[in-house]
**Q** 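Got a structure for you, questions after.
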2 protein chains.
Amino acid sequence: MQEKLRQFQRYLDKAGLKATRQRELIARAFFATTTHVSAEGLYRRVAGRHPRIGLVTVYRTLKLLKDAGLAHERQFGEGRALFEHASSEHHHDHIICTECGKITEFENYEIEALQEQIVRRLGFLIRHHKLELYGLCRECSAATGAGQGIQTAEAG
Amino acid sequence: MQEKLRQFQRYLDKAGLKATRQRELIARAFFATTTHVSAEGLYRRVAGRHPRIGLVTVYRTLKLLKDAGLAHERQFGEGRALFEHASSEHHHDHIICTECGKITEFENYEIEALQEQIVRRLGFLIRHHKLELYGLCRECSAATGAGQGIQTAEAG
DNA sequence: AGTGATATTGATAATCGTTTTCACTGTCGT
DNA sequence: ACGACAGTGAAAACGATTATCAATATCACT
Ligand SMILES: [Mn+2]
Ligand SMILES: [Mn+2]
Ligand SMILES: [Zn+2]
Ligand SMILES: [Zn+2]
């Protein structure tokens with residue numbers, strides 16, 4: 001957390017940007033999150049104790065955090081974007097429960113490798129990809145009484 | 001095309017909806033497309049010869065076509081949605097050129113199978129998925145002079 | 001073919017997350 | 001401390017899509 005804050009300060013300095021009170025507060029709140037958070041959600045966390053900060057500045061600071069390589073922006077389905085730490089850890093993809101909104105992360109080397117092959121075959125140069133599985137989590141599928149039989153992945 | 005139109009008419013009839021002049025014109029224009037088209041794009045095609053049709057009706061008819069199982073709606077990146085025929089053919093995923101917007105389709109059974117495994121392991125019940133690869137197509141990567149060396153898929 | 005209940009249309013306004021604008025304020029190198 | 005200029009926040013703008021609503025078209029039933 002302290003290290004990430006320092007990284008952010010360093011980025012601002014190198015980019016000739018100013019280290020403002022608001023930026024530090026927002027970055028601190030962001031690094032304190034452990035899940036996927038929306039701009040609005042982060043705003044509420046910050047505004048709780050610092051009412052003078054505007055939602056616009058949260059949007060702007062999140063963009064800076066992305067530029068600094070410290071945040072990833074995700075667009076699940078429609079609606080608002082969610083942000084999460086851009087850990088130096090592994091890349092991961094997501095499973096989203098369409099009922100309760102729960103987001104589960106996973107990583108699968110084989111899928112990534114297969115994507116590689118496909119792309120190379122087609123002559124593309126891949127920059128990034130998006131793999132999202134939508135469905136019901138264990139709890140929600142139990143609750144809605146959906147059969148637990150074998151399900152065929154069919155996509156949209 | 002004639003068959004798809006008939007399917008649409010049948011759907012409208014069964015759902016107690018009316019077969020209007022506008023719906024037929026819009027459906028006809030949609031079935032005449034061969035690529036991914038936006039609501040606005042389809043509207044322009046129709047409005048060319050039938051200026052009395054409104055964009056709103058295009059949106060509404062596209063929703064009906066989806067409900068009838070004849071169209072798929074895709075959300076690539078941000079911005080407007082694109083629609084394409086929901087052929088009875090195989091499911092497919094997409095590669096999108098971030099430079100020129102070209103969309104290439106592909107299907108890979110192994111990836112689908114791996115997704116199955118992951119999901120089953122996590123206890124989810126999958127409804128649909130989204131796999132999109134973003135990068136430069138052959139032409140654009142040549143034009144921008146990006147090296148043709150081996151590229152590592154790294155995702156966002 | 002005519003009637004009437006009601007589904008549909010299209011112009012317009014509303015929505016919603018995000019970005020721009022702009023006058024005022026804060027930061028930081030000097 | 002000064003001053004250039006980047007940053008802030010309130011409000012307005014944005015862009016794709018959806019809701020409203022009065023006027024119109026469809027179609028089952030005569
Ligand atoms: Mn994540
Ligand atoms: Mn397609
Ligand atoms: Zn759930
Ligand atoms: Zn291209």
Side-chain angles (χ1 to χ4, degrees), chain A residues 5 8-30 36-44 46-68 71-83 101, chain B residues 8-30 36-68 71-83 101:
Chain A
L5 259 180
F8 187 44
Q9 311 282 13
R10 215 175 306 140
Y11 168 79
L12 291 175
D13 192 43
K14 276 185 187 162
L17 303 173
K18 292 175 179 171
T20 69
R21 186 169 46 82
Q22 290 92 329
R23 282 175 180 165
E24 184 179 334
L25 286 170
I26 294 167
R28 219 179 259 284
F30 175 68
H36 305 77
V37 66
S38 66
E40 175 85 27
L42 188 59
Y43 169 65
R44 279 197 301 269
V46 179
R49 302 207 174 286
H50 307 276
R52 322 219 61 198
I53 288 186
L55 173 58
V56 199
T57 303
V58 173
Y59 272 107
R60 287 191 279 230
T61 304
L62 280 169
K63 178 173 272 185
L64 290 177
L65 286 164
K66 281 197 298 176
D67 294 345
H72 279 316
E73 182 174 356
R74 312 285 187 186
Q75 195 71 49
F76 298 133
E78 13 199 72
R80 58 192 61 181
L82 297 181
F83 298 83
Chain B
F8 187 44
Q9 312 281 12
R10 215 175 306 142
Y11 168 78
L12 291 176
D13 193 42
K14 277 185 188 162
L17 303 172
K18 293 176 178 171
T20 68
R21 188 169 45 83
Q22 290 92 329
R23 283 175 179 165
E24 184 179 334
L25 286 169
I26 294 167
R28 219 178 258 285
F30 175 68
H36 305 76
V37 66
S38 67
E40 174 86 26
L42 188 60
Y43 169 65
R44 279 198 300 270
R45 285 170 181 245
V46 179
R49 302 207 174 283
H50 307 277
R52 322 219 61 200
I53 289 186
L55 172 58
V56 196
T57 302
V58 174
Y59 272 106
R60 287 192 279 231
T61 304
L62 280 169
K63 177 175 273 186
L64 290 177
L65 287 165
K66 279 198 298 176
D67 294 345
H72 279 317
E73 180 174 358
R74 312 285 188 186
Q75 197 70 51
F76 299 133
E78 12 198 76
R80 58 191 62 183
L82 296 181
F83 299 82

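Lettering follows sequence order; numbering is per chain, from 1. Quick caveat, the model's predicted, so the values are computed rather than measured.
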**Q** Take the protein atom NZ of B/K18 and the nucleotide atom P of C/dA5, then report the distance between them rounded to whole Å.
**A** 12 Å
**Q** Between B/T20 and D/dA25, does any side-chain N or O lie under 4.0 Å from OP1 or OP2?
**A** no
**Q** How many angstroms lie between atom CG of A/L5 and atom CD of A/E24, to the nearest 0.5 angstrom?
**A** 6.0 Å
**Q** Nearest 0.5 Å please: distance from the CZ atom of B/R60 over to the OG1 atom of B/T20.
**A** 10.0 Å
**Q** Send over the distance from B/Q75 CD to D/dG15 P, rounded to a whole Å.
**A** 16 Å
**Q** Roughly, in whole Å, what's the span from CG in B/L55 to P in D/dT17?
**A** 9 Å
**Q** Find the distance A/E24:CD to C/dT27:P and express it as a whole number of Å.
**A** 11 Å
**Q** Measure from the side-chain N and O atoms of A/R23 to the backbone N and O of A/K18, and report whether any donor-acceptor pair falls under 3.5 Å.
**A** yes
**Q** Select from B/G79 and A/G16 the residue whose nearest nucleotide in DNA chain D is closer to the 5' end of that strand.
**A** A/G16
**Q** Can you check the A/Q9 CD to C/dT27 P distance for me, whole Å?
**A** 13 Å
**Q** With rounding to the nearest 0.5 Å, note down the distance linking OG1 in A/T61 to CG in A/D67.
**A** 11.0 Å
**Q** What's the closest nucleotide to the side chain of A/Y59 if the choices are C/dT27, C/dT19, C/dG10?
**A** C/dT19
**Q** Could you tell me how far apart B/F76 (CZ) and D/dA16 (C1') are, to the nearest whole angstrom?
**A** 17 Å
**Q** Measure the distance from OH on A/Y43 to C1' on D/dG9 and round it to the nearest whole Å.
**A** 10 Å
**Q** Can you check whether A/Q22 has a side-chain N or O nearer than 4.0 Å to OP1 or OP2 of D/dG7?
**A** no
**Q** Verify the contact: side-chain N or O of B/R23 to OP1 or OP2 of C/dT8, cut-off strictly under 4.0 Å; return yes or no.
**A** yes
**Q** So do the side chains of A/L65 and A/F30 get within less than 4.5 Å of each other, counting heavy atoms only?
**A** yes
**Q** Counting distance alone, no hydrogens or angles: does the base of C/dG10 have a donor or acceptor under 3.5 Å from a partner atom on the side chain of B/R60?
**A** yes
**Q** Could you state the atom-to-atom distance from CG of A/L17 to P of D/dT8 in whole Å?
**A** 10 Å
**Q** Looking at the side chain of B/T57, which of D/dC27, C/dT9, C/dA11 is the nearest nucleotide?
**A** C/dT9
